[in-house]
Amino acid sequence: MAFTFSPSIRNSISWPTMLVPDMPDINISLRNKGIYKGKRNINLRDLTKANVASPSLPLIAPPTPEERPGITHDCHHHHHHVAWTSIPQERWEGELQVQGQIPLWLEGTYLRNGPGMWHIGDYNFRHLFDGYATLVRLGFRNGRLVAGHRQIESEAYRAAKKNKKICYREFSEVPKAANFLAYVGELASLFSGASLTDNANTGVVKLGDGRVVCLTETQKESIVIDPETLETVGKFEYSDSLGGLIHSAHPIVTDEEFLTLLPDLVRAGYLVVRMEPGTNERRVIGRVNCRGGPAPGWVHSFPVTQHYVVVPEMPLRYCAQNLLKAEPTPLYKFEWHPESRAFMHVMCKTSGKIVASVEVPLFVTFHFINAYEEQDEDGRVTAIIADCCEHNSDTTILDRLRLQNLRSFNGEDVLPDARVGRFRIPLDGSPYGTLDAALEPNEHGRGMDMCSINPNYLGKKYRYAYACGAQRPCNFPNTLTKLDFELKKAKNWHEEGAVPSEPFFVARPGATEEDDGVVISIVSEKNGEGFALVLDGSTFEEIARAKFPYGLPYGLHGCWVPKE
């Protein structure tokens with residue numbers, strides 16, 4: 001990709017200059033990436049459904065200061081934080097002026113996905129998770145930083161733009177039927193999956209074969225993107241016959257494999273499946289049958305160890321009746337069933353055999369942090385330890401994420417308490433596991449979500465994690481926190497009025513210490529501005545920041561694409 005700089009301001013810019021990339025065929029990043037599987041050469045283009053994007057979008061200059069979002073007006077003339085304000089334009093790209101010093105070893109691209117447009121015309125969406133996906137890119141090279149953002153060109157987004165209304169079912173939004181017959185037809189298309197959105201607004205992962213995929217909870221919402229141009233390349237569709245409408249929004253992805261869970265809403269349970277790099281075919285490792293409740297528990301994420309997959313069965317369970325309703329319930333597509341109890345299941349990755357299934361205290365979590373195998377003195381695995389961001393079995397966090405609540409903060413401390421929940425799952429046949437706080441929750445302000453670790457410690461015993469905590473009073477996690485599970489302490493980064501997104505850890509090449517690297521976050525400020533932030537992974541001190549031309553909306557999850 002080539003860029004054209006304005007020579008007069010190339011090295012002294014207060015706002016990012018516009019960068020105009022050459023626009024090759026959008027599949028160029030896949031064109032020459034054939035991979036060998038046995039004796040058969042597989043071209044990754046063959047694994048991607050025909051392009052769903054428009055050919056290109058015009059580059060638009062950054063908005064003037066008067067037009068920048070933040071403490072500004074939406075279509076109903078309300079004032080709110082830029083974190084909860086729709087992105088002002090579909091696409092922007094430019095070089096940012098760096099304050100501080102970016103380590104020269106940091107070479108690659110950080111991608112962050114998340115909802116970034118919460119209105120169509122004069123209609124405002126209800127929930128944080130409804131927004132149309134905005135992909136943000138931070139390209140690090142030679143101590144410099146080129147940034148950009150772009151809307152993911154899903155069918156749902158393109159249809160909404162064209163028709164000036166919601167056309168697919170989002171997290172809490174349902175298309176408005178013109179009449180009863182249209183409503184019945186929409187319900188029929190729901191059962192087939194046709195009316196479910198493909199708005200891939202939750203995560204972004206780099207597969208072992210190099211493809212970069214944006215995804216969320218419905219299977220049709222997986223979209224391949226180009227990590228350099230952020231162009232929508234096409235749909236990622238599975239080639240197997242496993243079917244189903246939903247899957248975990250957070251698969252476990254390494255260079256060697258892709259693991260995920262497929263909830264079975266008919267016969268309550270989960271399929272544990274694996275997909276090898278260079279294929280779109282999932283293969284079943286095994287099945288877990290639910291032990292309680294009318295439906296499987298929500299599995300937004302799940303953890304693994306080196307030899308096992310941990311399948312959580314949360315009493316916050318999928319609810320088909322709520323899915324059918326035209327207006328959202330307080331728990332949206334879920335129902336809270338404390339009487340159904342909570343369980344943790346452990347499956348062998350190799351054989352698919354369930355080696356433990358224990359009852360645990362009630363819990364509510366979106367995100368698991370990591371898991372590892374606890375061993376005795378002889379090296380025998382005696383238990384599985386699994387850590388998560390746990391909301392004290394309080395489901396109100398879902399409703400706290402309504403945009404009306406996020407936009408109406410008046411200084412009251414309304415963020416529900418959360419902790420690092422540590423499960424211990426015995427492998428000796430005991431019927432019960434335990435759930436306790438891994439460290440005192442006040443260390444991180446009793447706020448806890450949006451976590452990352454050093455990926456080299458995935459499934460292994462680890463000491464550090466990075467997450468969003470709280471400095472109260474607040475209505476949303478507003479700090480970055482480094483958790484030390486050995487010392488049971490936390491270091492916290494906070495700026496008044498700022499809303500940071502997920503802290504993402506990138507390890508220094510060749511590092512031997514677990515926290516030797518940097519932490520990247522994108523921060524939205526209360527004055528309508530925003531910046532990219534780089535912290536030292538060890539000291540947790542700021543080493544660099546770079547302002548965007550305008551504040552970006554809050555985003556969810558990211559991935560790192562190292563320079564080839």
Q.
Just so I know, are the side chains of L145 and V534 near enough to count as touching, which here means a heavy-atom distance under 4.5 Å?
A. no

(Q) If you compare all heavy atoms of Q404 against all heavy atoms of S408, which two are closest, and at what distance to 0.1 Å? (A) O-OG, 2.7 Å

Q.
Check the orientation of F334 and Y318. Use parallel for under 30°, tilted for 30 to 60°, and perpendicular for over 60°.
A. tilted

Q: Indicate whether the side chain of T350 and that of H307 have a donor and an acceptor atom separated by less than 3.5 Å.
A: no

Q: Under the ring pair (Phe, Tyr, Trp, His ring centres under 6.0 Å) rule, what do F368 and F366 come out as? Steps first, then yes or no, please.
A: CA-CA 7 Å; F368 278 86; F366 295 169; over 10 Å; no

Q) Is it the case that H367 and D449 place a side-chain donor and acceptor less than 3.5 Å from each other? A) yes

Q) Within a strict 4.5 Å, meaning less than it, do heavy atoms of the V224 and V213 side chains meet? A) yes

Q: Report the residues that fulfil side chain to side chain contact (heavy atoms under 4.5 Å, CB included) with Q99, sequence neighbours left out, ordered by chain and then residue number.
A: R545

Q.
side chain to side chain contact (heavy atoms under 4.5 Å, CB included) for I453 and E514? Distances and angles first, verdict last.
A. CA-CA 9 Å; I453 62 168; E514 181 181 345; 5.9 Å; no

Q | salt bridge (Lys or Arg N to Asp or Glu O under 4.0 Å): pairs with one or both residues in residues 453-472, sequence neighbours excluded | A | D413-R472, D417-R472, R463-D484, R463-E486

Q: For the residue pair T479 and Q471, confirm or rule out a side-chain donor-acceptor distance under 3.5 Å.
A: no

Q: Can you tell me which residue pairs pass the salt bridge (Lys or Arg N to Asp or Glu O under 4.0 Å) test with a partner in residues 382-397, sequence neighbours excluded?
A: D387-R422, E390-R419

Q.
According to salt bridge (Lys or Arg N to Asp or Glu O under 4.0 Å), does anything in residues 426-444 pair up with another residue at least two apart or in another chain? List the pairs.
A. E443-K489

(Q) Pairing donors with acceptors under 3.5 angstrom, does anything connect the side chains of H557 and E502? (A) yes

Q: Check S301 against P312 and note the closest heavy-atom contact, atom names and distance.
A: O-CG, 3.9 Å

Q: Take the angle between the ring planes of Y332 and F171 and call it parallel below 30°, perpendicular above 60°, tilted in between.
A: tilted

What donor-acceptor contacts under 3.5 angstrom involve side-chain atoms of residues 352-364, with partners at least two apart or in another chain?
unit_1 : atom_1 : unit_2 : atom_2 : d
S357   : OG     : R291   : NH1    : 3.3
S357   : OG     : H345   : ND1    : 2.8
E359   : OE1    : R341   : NH1    : 3.1

Q. Residues two or more places apart in sequence or in another chain: which of them pass ring pair (Phe, Tyr, Trp, His ring centres under 6.0 Å) with F140?
A. none

Q.
Ring centres under 6.0 Å, that's the criterion: do F505 and Y464 meet it?
A. no

Q.
Are the side chains of F302 and I252 in contact, using a 4.5 Å heavy-atom criterion?
A. yes

Q: Verify the distance criterion only: is there a donor paired with an acceptor across the side chains of E170 and N199 at less than 3.5 Å?
A: yes

Q: Count the heavy atoms of every other residue, nucleotide or ligand shown that sit under 6.0 Å from CD of Q101, and state whether that count exceeds 12.
A: no

